[in-house]
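In what follows, every chain begins at residue 1, and chains take the letters A, B, ... in the order their sequences are listed.
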Amino acid sequence: MIDLKQLRDDPQRFIDGARAKKIEVDIHHLLRIDEERRTLLADQERKRAEQKKLSKEIGPAIGKLKGQLKSASDEEKDRLEAKIHELESRPIALKAEIHAFEQKIAQIEPEWKDLWLQIPQPPDEDVPKGDSADDNIELRTWQPDWFDPQKSFAENKGFPHRTHLELIRTLNLVDFERAVKMAGTRHYVLTGDGMRLHQAVLRFAFDFITQEHGFTPMSVPVIVREECMVGTGFFPAGRDQAYHIEESRRGTGTDLFLTGTGEVGLMGLHQDEILDPEQLPLQYATVSTCFRREAGAAGKDTAGLYRIHQFDKVEQVVICRADEEESRRWHQKMIDIVEQLLQKLELPYRLLQCCTADLGLKNADMIDIECWMPGRGEEDAEGRPTGAYGETHSASRLYDYQCRRLNMRYRDQDGRNVFCHSLNNTVLASPRILIPLLELYQNEDGSVTVPPPLLPYMNGVERIGSVAAPASAAPGR
RNA sequence: GGACAGGUGGCGGAGCGGUUGAACGCGCCGGUCUCGAAAACCGGUAUACCCUUCGGGGUAUCGUGGGUUCGAAUCCCACCCUGUCCGCCA
């Protein structure tokens with residue numbers, strides 16, 4: 001969430017920010033409620049101070065009188081009791097007044113908090129303005145020597161390509177029918193070498209980020225409490241996107257939510273903590289199953305492994321000091337790590353600078369990486385897709401927006417507690433990454449060569465679908 | 001799932017319903033002593049928010065939320081969490 005003091009000092013900055021992000025939120029209304037709340041709070045506190053002062057006078061006096069009462073004669077008793085009663089009745093009017101203020105504050109507070117949580121972080125000055133994802137700007141592309149993005153797959157490789165759906169079917173790598181039987185649309189079952197390849201690429205990515213780049217390997221919960229979802233900035237705005245486990249309806253326990261990214265678990269780790277600045281920056285990586293309802297995406301990317309309810313992702317986060325330069329450096333570093341990874345896998349990709357409209361609530365800046373997928377995009381004269389870039393990675397820079405929500409701080413040199421900065425980026429998400437992997441490593445005979453970096457993780461399988469490779473154990477086929 | 005026990009400051013640990021933000025100990029910071037250190041001694045040592053004439057003033061916080069009361073760390077209720085034993089279990 002944003003700093004309310006900053007909002008009061010310069011509301012225009014946040015109004016412009018929300019407008020640039022195309023996010024509807026009534027900032028003027030929040031300012032009005034905030035003002036009202038503070039006035040009420042001040043009035044209430046004044047009354048309470050009065051009450052407290054009175055209490056401190058009355059308390060010992062009553063105590064003393066009650067002591068005397070015990071050993072008093074009957075006529076003395078009446079007199080003492082009257083005196084006690086008189087003392088007790090003095091703050092009674094204050095009590096009602098304080099209660100009235102309390103009620104009023106409790107009435108406006110939920111709306112105040114809710115609005116506050118919905119104010120987006122203004123985009124950075126150097127983020128290009130735009131109206132939708134179409135206005136994102138291509139920063140650069142990379143491709144291996146054999147690949148010329150100007151040419152078709154057939155021109156590059158010498159034979160026409162099959163889409164990942166076709167490859168999956170002929171090579172028995174995925175069983176969609178049974179997955180849908182069990183869990184409904186947008187589910188899949190990886191079979192045989194499909195599962196092997198999925199595990200191999202995840203393990204390769206996890207080893208790469210933890211061994212070669214020193215990120216601390218972690219396992220984190222994928223079932224979390226609401227505070228964790230709010231703290232990481234996914235709630236309340238993204239509530240519809242998360243699967244909800246209503247434990248409270250059973251009469252015990254609290255509700256839980258399935259996380260849509262390992263970021264939630266990694267960032268939630270240090271919620272409400274004051275970190276040792278000597279330990280910063282924290283660099284964490286996890287591989288976790290991600291769950292997404294894909295609400296509002298009905299009819300979009302319905303076929304294949306592109307948009308699914310459950311997948312696995314290697315995620316990297318950095319928690320660093322509140323320093324813009326350092327944040328920016330880490331952002332570049334995390335993108336660089338992904339570029340190295342994709343280059344090892346020899347997957348053509350492009351970097352996209354997301355425009356203001358595509359940033360979402362919490363980001364100040366976001367760079368997407370898209371891999372080339374021959375089976376996507378517009379169709380040619382023969383009805384074959386001509387290929388397109390498809391999103392596989394997203395690197396976010398958030399300043400203290402997320403850590404403020406999480407109440408994650410460190411003590412700076414002057415002894416002040418400061419909110420940390422946070423960043424996150426995909427290292428690799430599968431099975432989506434299998435789409436370019438399968439499509440680009442396919443051979444003319446319909447087999448798929450295992451990318452060399454994945455060989456150590458493939459138990460000897462070098463080529464999927466060739467006679468030389470061990471039979472891919474597709475059950476029930 | 002059953003039966004107990006318990007949640008207090010960075011940590012340990014007190015706390016008759018009344019100047020208790022909270023004794024005491026440890027830790028930490030500063031000082032005295034010392035050639036220096038240790039010990040000893042002295043002093044200091046929470047966070048958040050609000051107001052401010054920038055000197056300071058105020059409120060809240062003893063797991064969380066309600067309630068009782070003139071007044072709650074202390075009494076009542078609900079929830080959350082932790083520990084121990086039993087049962088079950090990948």
Side-chain angles (χ1 to χ4, degrees), chain A residues 1-9 30-31 33-70 80-110 112-113 116 219 221-231 245-257 268-279 289 400 403-420:
Chain A
M1 66 185 116
I2 58 154
D3 185 346
L4 270 184
K5 280 182 202 148
Q6 283 181 20
L7 180 75
R8 289 176 203 136
D9 289 348
L30 174 61
L31 285 168
I33 297 180
D34 179 55
E35 180 67 39
E36 191 186 343
R37 178 177 168 276
R38 274 187 300 153
T39 309
L40 288 169
L41 223 49
D43 290 345
Q44 188 213 35
E45 283 178 8
R46 217 168 293 128
K47 289 288 171 200
R48 201 164 265 169
E50 222 176 295
Q51 183 198 43
K52 234 173 130 172
K53 202 173 149 210
L54 208 54
S55 231
K56 280 180 182 172
E57 292 168 19
I58 288 171
I62 289 177
K64 213 170 173 185
L65 290 170
K66 281 190 174 164
Q68 292 172 7
L69 204 56
K70 283 183 191 148
L80 289 169
E81 268 168 3
K83 186 106 194 227
I84 289 169
H85 195 73
E86 190 269 322
L87 280 173
E88 282 179 352
S89 62
R90 277 167 65 188
I92 224 155
L94 283 173
K95 194 192 175 185
E97 284 181 81
I98 291 166
H99 190 69
F101 281 123
E102 243 166 35
Q103 298 278 302
K104 279 187 202 161
I105 293 165
Q107 212 171 4
I108 61 170
E109 208 141 55
W112 171 77
K113 188 74 194 271
W116 185 12
S219 103
V222 296
I223 311 168
V224 301
R225 291 168 184 266
E226 185 162 9
E227 298 91 280
C228 218
M229 297 300 277
V230 174
I245 303 168
E246 290 186 287
E247 280 297 291
S248 64
R249 289 183 69 173
R250 294 184 163 175
T252 56
T254 51
D255 283 5
L256 296 163
F257 298 86
L269 276 169
H270 299 293
Q271 183 156 15
D272 292 319
E273 286 184 28
I274 295 174
L275 300 167
D276 177 2
E278 296 301 312
Q279 290 175 341
T289 303
D400 63 2
C403 292
R404 185 182 299 279
R405 282 179 175 239
L406 286 165
N407 194 27
M408 192 191 299
R409 297 168 294 174
Y410 68 93
R411 193 176 288 273
D412 75 1
Q413 287 171 327
D414 305 323
R416 282 186 308 239
N417 290 328
V418 191
F419 293 107
C420 308

Measure from [atom1] on [X] to [atom2] on [N] and round the result to the nearest Å.
X: A:M1; N: B:C49; atom1: CE; atom2: P; answer: 11 Å
X: A:N407; N: B:C49; atom1: CG; atom2: C1'; answer: 13 Å
X: A:W116; N: B:A48; atom1: CH2; atom2: C1'; answer: 11 Å
X: A:E227; N: B:C81; atom1: CD; atom2: P; answer: 10 Å
X: A:D272; N: B:A48; atom1: CG; atom2: P; answer: 13 Å
X: A:E97; N: B:C70; atom1: CD; atom2: P; answer: 16 Å
X: A:E273; N: B:G10; atom1: CD; atom2: C1'; answer: 13 Å
X: A:D34; N: B:C49; atom1: CG; atom2: C1'; answer: 12 Å

Identify, with sequence neighbours excluded, every residue that meets side-chain hydrogen bond (donor to acceptor under 3.5 Å, both in side chains) alongside [X].
X: A:E226; answer: A:R239
X: A:Q279; answer: none
X: A:W116; answer: none
X: A:R411; answer: none

Quiz item: So, the side chain of A:D400 versus the backbone of A:R404: is there a donor-acceptor pair under 3.5 Å, distance only?
Solution: no
Quiz item: Are any side-chain N or O atoms of A:R405 and backbone N or O atoms of A:V230, one a donor and one an acceptor, separated by less than 3.5 Å?
Solution: yes
Please enumerate all residues that pass salt bridge (Lys or Arg N to Asp or Glu O under 4.0 Å) together with [X], with sequence neighbours excluded.
X: A:E36; answer: none
X: A:R38; answer: A:D34, A:E35
X: A:E227; answer: none

Pick the [atom1] atom in [N] and in [M], then give their distance to the nearest Å.
N: B:A73; M: B:G21; atom1: P; value: 8 Å
N: B:G65; M: B:C51; atom1: P; value: 23 Å
N: B:U20; M: B:U74; atom1: C1'; value: 11 Å
N: B:G7; M: B:U45; atom1: P; value: 27 Å
N: B:C33; M: B:C16; atom1: C1'; value: 44 Å
N: B:A38; M: B:C26; atom1: P; value: 16 Å
N: B:U84; M: B:C70; atom1: C1'; value: 43 Å
N: B:C88; M: B:C76; atom1: C1'; value: 36 Å

Quiz item: Which atom names give the shortest non-hydrogen contact between A:C420 and A:R409, and what distance separates them?
Solution: SG-C, 3.9 Å
Self-check item: Heavy-atom closest pair, residues A:L40 and A:F101
Solution: CD2-CD2, 3.8 Å
Quiz item: What nucleotide among B:G71, B:U47, B:C80 has an atom nearest to a side-chain atom of A:R411?
Solution: B:U47
Quiz item: Under the rule syn = chi within 90° of 0, otherwise anti, which is B:G55?
Solution: syn
Self-check item: A:R409 side-chain N/O to B:U47 phosphate OP1/OP2 under 4.0 Å
Solution: no
Quiz prompt | Position toward the 5' end of RNA chain B (nearest nucleotide), A:N417 or A:R225 | solution = A:N417
Quiz item: Got a minute to check which stems RNA chain B is part of, using Watson-Crick or G-U wobble pairs under 3.5 Å, three or more consecutive?
Solution: B:1-7 with B:80-86, B:10-12 with B:24-26, B:27-32 with B:40-45, B:46-51 with B:56-61, B:63-67 with B:75-79
Quiz item: How would nucleotides 50-58 of chain B be written as a contact map, 5' to 3', with B for base contact, S for sugar-phosphate-only contact and - for no contact, using protein heavy atoms under 4.0 Å?
Solution: SS------B
Quiz item: With sequence neighbours left out, which residue pairs that include part of residues 93-102 of chain A fulfil the salt bridge (Lys or Arg N to Asp or Glu O under 4.0 Å) condition?
Solution: A:K47-A:E97, A:R48-A:E102
Practice problem: Just jot down the side chain to side chain contact (heavy atoms under 4.5 Å, CB included) partners of A:Q107, sequence neighbours excluded, or say none. | Solution: none
Could you list the protein-to-nucleotides 64-69 of chain B atom pairs, N/O on both sides, closer than 3.5 Å?
none

